[in-house]
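Hydrogens, waters and symmetry mates play no part in the numbers below; they use all other heavy atoms, side chains included. Just so it is clear: chains get the letters A, B, ... in the order the sequence lines come, proteins before strands, and each one is counted from 1.
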There are 2 protein chains.
Amino acid sequence: MAGNGQRATLRTVAERLGISVSTVSRALSGQGGRYRIRPETVGAVRAAAADLQFRPDPVARGLRMRRTHSLGLVVPDAANPFFAEIAASVADAARLRGHAVLLCDSRETTEREAEAVRLLMDRKVDGLIVCPVGLRADHLEACRAGGLPVVVADRIVGSPPLPFVAADNAAGGRMAAAYLVKRGHRRIGLLQGLPGSTPNEERKTAFLAELARHGIPRRLVPVAGEEFSEAAGAGAASALLDRHPGLTALFALSNVVAMGALRVLAARGISVPRDLSILGFDDHPYAALLATPLTVIAQPVEDLGRRAAETLFDRIEGRAPSRARAAVRLPVRLVERASVAAQPPDATKGTRP
Amino acid sequence: MAGNGQRATLRTVAERLGISVSTVSRALSGQGGRYRIRPETVGAVRAAAADLQFRPDPVARGLRMRRTHSLGLVVPDAANPFFAEIAASVADAARLRGHAVLLCDSRETTEREAEAVRLLMDRKVDGLIVCPVGLRADHLEACRAGGLPVVVADRIVGSPPLPFVAADNAAGGRMAAAYLVKRGHRRIGLLQGLPGSTPNEERKTAFLAELARHGIPRRLVPVAGEEFSEAAGAGAASALLDRHPGLTALFALSNVVAMGALRVLAARGISVPRDLSILGFDDHPYAALLATPLTVIAQPVEDLGRRAAETLFDRIEGRAPSRARAAVRLPVRLVERASVAAQPPDATKGTRP
DNA sequence: ATGGCTTGCACAAACGATTGTGCTGATACA
DNA sequence: TGTATCAGCACAATCGTTTGTGCAAGCCAT
């Protein structure tokens, strides 16, 4: 071991052995056979490289190869447990492949997201995983056009859709409706997230359709909410409570929306599930420890990140043509806790809420 | 605008103007004055660059300049709300400086942490923010020795300590003790995290000292727990409850430890704070919505990340010599909710628990 | 002995930026 | 007229890799 301060480069190794850099490069990259390097030479190179603790410089390699072995991850809010878990699982998947993860937080704005995408493209990441904020996807389409593999997670954007990994939102919506009905609820309010976004529309549409199948037409189901945020969830809950006092249950289309609702219920002294039942979309680590353990439709968040990374690697490594459409749907499941009460069948069935 | 598919390089710009790359480089980097480039030339270069949408390649620049304008962030668990929020604030601070953030998750093991540090050093990050897992810090000392700026956050490691940004743990310990005593508690158990780690020792020492000042000697304060994890917190809570049934309050030294304790209390049907009071270290977004809104010693988590990034940039940009010791302490505060009951003064005062 | 084939490696050109050092023409000055 | 000075730019090396091609030496066959 020759720890002479400076980092070893190919040249260091080559000079020590009195051979050329190209030979060293080929010997180390396993191209010894293809380029007819003598096995003894390869052995000597390996030994010298190990001895000098040679590690190829990813920056130089990136310049030459136009591949940086890194990928970009853009999330709307890195502090949100949902995206934090996605980040964790993406980081893990990337590590296994020897890739680095460049993390950007779009702070829930499309401008920041576009800026992040530009930054990451400039940095020559090999691929991009984006949990898009909103509805437009020009900047993402541009990546695809530029030949940069992109996979979106959670939400689906673009037409035709960009390759995506998402939860089976429709199934979740149906399960939610069926469950609430089974528990005897018929006057149900819907706390939605961002209207027009895929998770919102898929969940909402399936939910309303399933309610309709059970004899509750959609005009009897009040809907409120304008985005996926705690504040919007609180606002939506307040609005619904004020305008439709007869509701017995609320279905919140995301974890933060549910949390916003819980805060206003707590503030108003409304007891869950005695006075009002709540069903949420998205689980989170502390849902079971809440004042009322929250019953939820849980997404497999960790899988979401892992599958997104795998889908991306398929494209990066050319196993899937980058023009191919990937469409991965992950199953959701109902986690029954205590926030949805069994509602005694009542006479007001079908009453306009 | 000439969108001819390929990205513009310095050469593209130079050729369009019929001048050399070096002139273009200097004109764009504001070195026009130092190198006596004619102002009209500079203007023409700027215009052409804008027209061609030239953006310098960070990879090539990184190779030449040995500065990548990126920084590494290593956390023990990216999905933990505490570290997720640190990640979010670091990402934001980095964005403001035009730096990218490379995120690594050490999964709470020192080996992974060392591996991550190696990866990041290889990638030539300009600096490193590490939330260390454990007690040893050889790999971090090695960075410092190698001239790579390092700042540790949350925990303090190394001797002499690496530059750090941490909460005022001792003050937190004192506040906790004083508060519990003020509420009438005298038989108190301590649920610790990783023994030997700085947050743990600072919090514990100050807590026990303050209790002693109030006439509760440390031999009367049972301590359990071996690491900062929910499982360990649960185990420690079980052990304390079994061996010291007379306790009226528990002080948990981290958020996850408190959560573990809450789970066993819930499982055992012990009501908080009626049967037992709980005080936690670390706030989190949903603490107020828990079955019993948790009273905590809150750390300014966002500041922790931001200050760590700022401290790092000071070193990267040479404002602080990298041999200088940075030692930033951030104030903590008591957030009073409902998990600590006022304990009636009792006759068993001083009784061995 | 000579031509051709293989073996085993070296040379050099990229990749795209930065930067020290020339080099040329014009002006100024003696 | 000769030369010193300066403006204004070009040339080329460099960072550390990868990779197409060239080129000697050895071997075989004729």
Side-chain angles (χ1 to χ4, degrees), chain A residues 6-46 48-49 52-70 98 121-126 147, chain B residues 6-46 48-49 52-70 98 121-126 147:
Chain A
Q6 296 310 311
R7 270 186 66 95
T9 73
L10 280 184
R11 211 163 69 134
T12 323
V13 180
E15 280 174 354
R16 155 175 299 210
L17 294 175
I19 63 177
S20 81
V21 262
S22 49
T23 303
V24 176
S25 172
R26 290 195 250 250
L28 290 177
S29 62
Q31 306 229 312
R34 292 171 30 67
Y35 283 90
R36 307 171 303 216
I37 313 264
R38 232 189 320 177
E40 308 117 68
T41 308
V42 172
V45 168
R46 289 237 170 81
L52 291 167
Q53 300 192 72
F54 168 79
R55 318 193 67 190
D57 182 333
V59 179
R61 179 179 267 175
L63 178 58
R64 172 67 221 231
M65 308 274 279
R66 324 186 74 69
R67 291 251 338 242
T68 54
H69 290 273
S70 60
M121 288 191 68
D122 276 357
R123 301 234 168 205
K124 303 278 188 301
V125 294
D126 294 343
Chain B
Q6 297 310 311
R7 270 187 65 95
T9 73
L10 280 185
R11 210 163 69 134
T12 322
V13 181
E15 281 173 355
R16 155 175 300 210
L17 293 174
I19 61 178
S20 82
V21 270
S22 48
T23 303
V24 176
S25 171
R26 290 195 250 252
L28 290 177
S29 62
Q31 306 229 310
R34 293 172 28 66
Y35 284 89
R36 307 170 302 217
I37 314 264
R38 231 188 323 179
E40 307 116 68
T41 309
V42 172
V45 168
R46 289 236 170 81
L52 291 167
Q53 301 193 71
F54 168 78
R55 317 193 66 189
D57 183 334
V59 179
R61 180 179 266 176
L63 177 58
R64 172 66 222 231
M65 309 275 278
R66 324 187 76 68
R67 290 253 336 243
T68 54
H69 290 273
S70 61
M121 288 191 69
D122 277 355
R123 301 234 168 205
K124 303 276 187 300
V125 294
D126 294 342

Output a table of nitrogen or oxygen pairs between the protein and nucleotides 22-24 of chain D separated by less than 3.5 Å.
none

Of all the choices, C:dT18, C:dC15, D:dT17, which nucleotide is nearest to the side chain of A:L63 once you look at every atom?
C:dC15
Among the nucleotides D:dT17, D:dT19, D:dC9, whichever has the atom closest to the side chain of B:I37 is D:dC9
Given that B:V24 and B:A60 both sit by DNA chain D, which one's nearest nucleotide is further toward the 5' end?
B:V24
Salt bridge present between B:R61 and A:D122 (N-O < 4.0 angstrom)
no
Touch class at under 4.0 angstrom, heavy-atom based, for A:R55 against every strand present:
sugar-phosphate
Minimal non-hydrogen separation, A:A14 against A:S20, with atom names:
CB-C, 3.7 Å
Considering all heavy atoms, the nearest A:R123-B:G98 contact
NH2-O, 3.4 Å
OP1 or OP2 of C:dG16 less than 4.0 angstrom from a side-chain nitrogen or oxygen of A:R66, does that happen here?
yes
Nearest-Å distance, CZ (B:R38) to C1' (C:dG25)?
12 Å
A:R46 and A:A27 have their tightest heavy-atom pair at NH2-O, 3.8 Å
Atom CD1 of A:I19 and atom P of C:dA10 are separated, to the nearest Å, by 6 Å
Restricting to side-chain contact (heavy atoms from CB on, under 4.5 Å), what partner residues turn up for A:R66, sequence neighbours left out?
none
For the residue pair A:L52 and A:R16, establish whether any side-chain heavy-atom pair is separated by less than 4.5 Å.
yes
So, A:S25 and A:S22: side-chain donor and acceptor under 3.5 Å apart, yes or no?
no
Restricting to nitrogen or oxygen on both sides, can you table the protein-nucleotides 11-14 of chain D pairs closer than 3.5 Å?
from: D:dC11; atom 1: N4; to: B:S22; atom 2: OG; distance (Å): 2.9
from: D:dT14; atom 1: O2; to: B:R64; atom 2: NH1; distance (Å): 2.7

Between CD of B:E15 and C1' of C:dA17 the distance, given in whole Å, is 15 Å
Starting from the C-alpha separation in whole Å, work towards a yes-or-no answer on side chain to side chain contact (heavy atoms under 4.5 Å, CB included) for A:I19 and A:V13.
CA-CA 9 Å; A:I19 63 177; A:V13 180; over 6 Å; no
Derivation of the side chain to side chain contact (heavy atoms under 4.5 Å, CB included) call for B:F54 and B:L28
CA-CA 10 Å; B:F54 168 78; B:L28 290 177; 3.7 Å; yes
Between the first and last five pairs of the helix from C:dA1-D:dT30 to C:dA30-D:dT1, the angle of the axes, rounded to 10 degrees:
80°
For B:G32, which contact category applies under a 4.0 Å heavy-atom criterion: base, sugar-phosphate, or nothing?
nothing
For the side chain of A:D57, starting at C-beta, report the closest nucleotide among C:dC15, D:dT17, C:dC9.
D:dT17
All N/O contacts under 3.5 Å from nucleotides 26-29 of chain C to the protein, with atom names and distances to one decimal?
none

Any chance you could measure B:I37, atom CD1, to B:R26, atom CZ, to the nearest 0.5 Å?
6.5 Å
Could you check which of C:dC15, C:dT18, D:dA10 has an atom nearest any side-chain atom of B:M65?
C:dT18
Rounded to the nearest 0.5 Å, what's the gap from CZ on A:R38 to OG1 on A:T23? Could you check?
10.5 Å
Nearest whole Å is fine: how far is C:dG16 P from A:R123 CZ?
17 Å
What is the distance from CD of B:Q31 to C1' of D:dG8, rounded to the nearest Å?
15 Å
According to salt bridge (charged side-chain N to carboxylate O under 4.0 Å, His left out), who are the partners of B:R67, at least two apart in sequence or on a separate chain?
B:D126
Length of the line joining A:R34:CZ and C:dT7:C1', which is rounded to integer Å
16 Å
Between the CG atom in B:L63 and the NZ atom in B:K124, the distance rounded to the nearest 0.5 Å is 9.5 Å
Touch class at under 4.0 angstrom, heavy-atom based, for B:S29 against every strand present
nothing
Is there a side-chain contact between B:R55 and B:R7 in this structure, where contact means two heavy atoms from C-beta onward sitting under 4.5 Å apart?
yes
Using atom CG of B:L28 as one end and atom P of C:dG16 as the other, report the distance to the nearest whole Å.
16 Å
Is there a side-chain contact between B:S25 and the phosphate of C:dT19, meaning an N or O under 4.0 Å from OP1 or OP2?
no
Between C:dT18 (C1') and B:H69 (NE2): distance, integer Å:
12 Å
Are the charged groups of B:R64 and B:D57 less than 4.0 angstrom apart, N to O?
no
Which nucleotide sits closest to the side chain of B:Y35: C:dT19, C:dG16, D:dG8?
C:dT19
